[in-house]
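First the structure, in the form of structure tokens, and then the observations on it.
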There are 4 protein chains.
Amino acid sequence: MSTTGTRVDGRSRRAEAARDRRRTRILETALKLFAERGYHATHVSDIIDAAGVARGTFYLYFESKEAIFHALLDRLLAHLRAHVVGVDTTPGAPPVERQLQQTVRRLLEVVERERRAIAVVLREAVGLDPSVDAKLREFYASLHAYVVEALVAGQAMGIVRPLDVEIAAACILGSIKHVMERAVMLTPEAPLPIERVCHAVLDFNLRGVLADGAAS
Amino acid sequence: MSTTGTRVDGRSRRAEAARDRRRTRILETALKLFAERGYHATHVSDIIDAAGVARGTFYLYFESKEAIFHALLDRLLAHLRAHVVGVDTTPGAPPVERQLQQTVRRLLEVVERERRAIAVVLREAVGLDPSVDAKLREFYASLHAYVVEALVAGQAMGIVRPLDVEIAAACILGSIKHVMERAVMLTPEAPLPIERVCHAVLDFNLRGVLADGAAS
Amino acid sequence: MSTTGTRVDGRSRRAEAARDRRRTRILETALKLFAERGYHATHVSDIIDAAGVARGTFYLYFESKEAIFHALLDRLLAHLRAHVVGVDTTPGAPPVERQLQQTVRRLLEVVERERRAIAVVLREAVGLDPSVDAKLREFYASLHAYVVEALVAGQAMGIVRPLDVEIAAACILGSIKHVMERAVMLTPEAPLPIERVCHAVLDFNLRGVLADGAAS
Amino acid sequence: MSTTGTRVDGRSRRAEAARDRRRTRILETALKLFAERGYHATHVSDIIDAAGVARGTFYLYFESKEAIFHALLDRLLAHLRAHVVGVDTTPGAPPVERQLQQTVRRLLEVVERERRAIAVVLREAVGLDPSVDAKLREFYASLHAYVVEALVAGQAMGIVRPLDVEIAAACILGSIKHVMERAVMLTPEAPLPIERVCHAVLDFNLRGVLADGAAS
DNA sequence: TATGAATGAGGGTTCATTCAT
DNA sequence: TATGAATGAACCCTCATTCAT
């Protein structure tokens, strides 16, 4: 009797682990198929066939086909968010530029790890359903706000020149997003040359393309 | 009967005009609905109801639901392409920077005119079907090549500093695309402040965000 | 050109007639199957197979499986209602008893004609969905009210003895309904001996079973 | 160990009692839910959730969802049957009319106690599956036979007038059934005024509605 | 050319039942 | 005995497309 508690615990612990493994298996399978064929072209049948589970099992783990997309999206956004920290402008903090660079590098690293999820979200998320739209819009808005804040802080510190921060922020996000898209879409298998891309993107965003002496 | 030829011509001319009007009517209706609800959520029934034509008539003008999307996409890409001319580096031509500015302005003007089509394509085009994907990829690739070419030309002329032209081109396209997206998606009704946006985007792309004396 | 109007009319008239025929065909097929196997055991597939129409065609004529049941129910209730007229107590009207007899006879005639629908409704209607329940309850309530009214009128005229009209009405309806049920359920094919049943039912309801001199 | 037998007996007795409690718990829960939502709208999940047992446990006590309905039906029919005894026509037995009255009263008492089961059976039993149908039909048939027998006996004793006993029996059953239905369906919570209903129903069945001097 | 009734493949989801633990 | 995760057959409905008129 003394082991009952332990046994039960062990059982449920093992069961829970098994549950988690299965959920992840289905999730990853769906991600793979969504990435390969797109959300609409991937049927629940495809997912369960590929994951090797029964039809009903799918609905044991996810409420609907849409729900699995939401799970994917949430996971990705959480990962991305976890790597976008606010700008630290307290004295003694690393320089803002340095912080931006770190952020870009971290984002690219997540992108590298989450290639397929990124591709799926970039391709399919918008227009799927209103709540997906809202999630994405909110995510972009938070990134946008973050960059605006960084630019304003930089201006206060004299390292960012006077400019239209709203549009500049949009340009910065757009440049990073498009570079990520290209990396993910065009060479879906090749590893991302993070160091090079990170440096080039930052260099571009900081200094533009104009030669020093060139006229406006 | 001697006038048959003429009459037929007149008839067919009138008939052809009517055909064109009808085709355009269906196309515009579809565009409106796609913009409002998305491609997948817009059914052929919705289009024919809104356009006031019979079900069969739709298929007299368009092979399929996908075909109408292709028609929309082709029209938009044609419009955009028509306003992206190659860089003219012959002596006496306007300065490359000037040409870029003109291009951006013209692009923004098309965007302004074609808001809904842009929104639809940005939202739904990718992942719809392989040939749509291919068209879009090809379009982006041509834009990309155009920008790379411009950058290389600028470097040769000494007005573009040494940089990773591939990534810089991606950054430039991405910044413009995202600014367009924001304009089209966030404020679907407000008119675009073309002048301001155009200037700010170019300023950003040319000079980045760094203040002159700031350290890298 | 002078025949255009006529032609179009003729066309649409013919089309409408065809539509009606088809709708009726599906309705009758559903009725037959519902009667044979019950509502829940009858699948849309069975109906369309038996009716010889395509799956989509079914939904062209009926919104859902439930809708076809409602259509059946409505038709039956309309038929029944059409044969239950209020009691006419104006001077010179036929005696109330006579009117009741007519009503019972007419009801039995409808039952005879609508055997299958009656069987289906009696068997399946209750508990199918709330609105079906409501319809049925309302129908029974109106019958009940009609009988109560007749009894009260009869009492006023001295031909109905003092009694609990509510319960008596329920008894009358119950006796008729059960006799109908037996007729329909037990001998689904045999023709109803309307005359005999009608007379016996009325005789029972009017005089009960007690012999004249029997004590209470 | 010498007490094993006893212990086992005690155990199994206790175990059996626990089994019975559990079975009853599930049965009552199912009855409650069937009464509230109907058989088809009640899922096994609902029953086990409400009963607080595991999914598999349900099938330890009942072979299937249908089986639990059969159990319910059997229990109800047994209760009803237990209160319908044959007519005793031996000399010295209470008068037939009295016996009928007792039967009606006892039936109504069971109805009062088994409201929910009655409602469920009246609403859902017919058409569920052939064997349920058969059970019900058999039950009604036995009631019918009982009433016919009583009527014939009554005729032999001169207390029942000449009439079509088959139809009269159907009328009697129908009137009782419908009154029960009304009581159970329309006022599911209010207690049944047994005395009044019992008297009124019998009065109706015995004497009909006609005033003494009224013409046929 | 225009019509719109008819088509039917295919999709997502439910839920009674089983069985390894 | 009790559990509850897994199963998969079955079902209703949608909607892009066709074709007789």
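Below, chain A is the first sequence line, B the second, and so on; all start at residue 1.
A pairwise comparison of heavy atoms in I26(A) and Y61(A) identifies CD1-CD1, 3.9 Å as the closest pair.
Here dA5(E) presents its P atom at 11 Å from CD of E16(C), a figure rounded to the nearest Å. We find that CZ of F58(D) is positioned 18 Å from P of dA5(F), with the value rounded to whole Å. Between the P atom of dG4(E) and the CZ atom of R55(B) lies a distance of 11 Å, rounded to the nearest Å. For the pair L60(C) CG and dT7(E) P, the interatomic distance rounds to 9 Å; values are reported in whole Å. Atom pair H40(A):NE2 and dA16(F):P shows a separation of 12 Å (rounding to whole Å applied).
Between atom CG of residue L73(D) and atom CD1 of residue I68(D) there is a gap of 13.0 Å, rounded to the nearest 0.5 Å. To the nearest 0.5 Å, atom CZ of residue R23(A) and atom CZ of residue F58(A) are 10.5 Å apart. One finds the CG atom of L77(A) at 11.0 Å from the NE2 atom of H70(A) (value rounded to the nearest 0.5 Å). In this structure, CZ on F62(C) lies 4.5 Å from CG on L27(C), to the nearest 0.5 angstrom. To the nearest 0.5 angstrom, R19(B) atom CZ is 11.0 Å from T24(B) atom OG1. Separating the NZ atom in K32(B) from the CZ atom in R37(B) is a distance of 8.0 Å, to the nearest 0.5 Å.
Contact check for R22(A) versus T57(A): side-chain heavy atoms found under the 4.5 Å cut-off. The shortest side-chain heavy-atom distance between D46(D) and H43(D) falls under the 4.5 Å cut-off.
The stretch residues 18-35 of chain D touches DNA chain F through R22(D), each having a heavy atom within less than 4.0 Å of the strand. For the contact set between residues 41-50 of chain A and DNA chain F, defined by any heavy atom under 4.0 Å, there are no members. Across residues 61-74 of chain A, Y61(A) each have a non-hydrogen atom less than 4.0 Å from an atom of DNA chain F (numbered order).
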What dot-bracket string describes DNA chain E from 5' to 3', counting Watson-Crick and G-U wobble pairs whose defining distances are under 3.5 Å, with [ ] for crossing pairs and | for pairs to another strand?
.||||||||||||||||||||
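Every side chain to side chain donor-acceptor pair (under 3.5 Å) that E28(C) has, sequence neighbours left out, goes to R75(C). Residues meeting the side chain to side chain donor-acceptor pair (under 3.5 Å) test with R55(B), sequence neighbours left out: S45(B).
Of the two residues contacting DNA chain E, namely G56(D) and G52(C), the nearest-nucleotide position lying further toward the 5' end is that of G52(C).
Within the cation-pi definition used here (under 6.0 Å to the ring centroid, within 45° of the axis), K65(A) qualifies as a partner of Y39(A).
Residue T57(B) has its side chain nearest to dT3(E) when only dT14(F), dG12(E), dT3(E) are considered.
Checked options L33(C), L31(C), T29(C); the residue passing with T42(C) is L33(C) (criterion: side-chain contact (heavy atoms from CB on, under 4.5 Å)).
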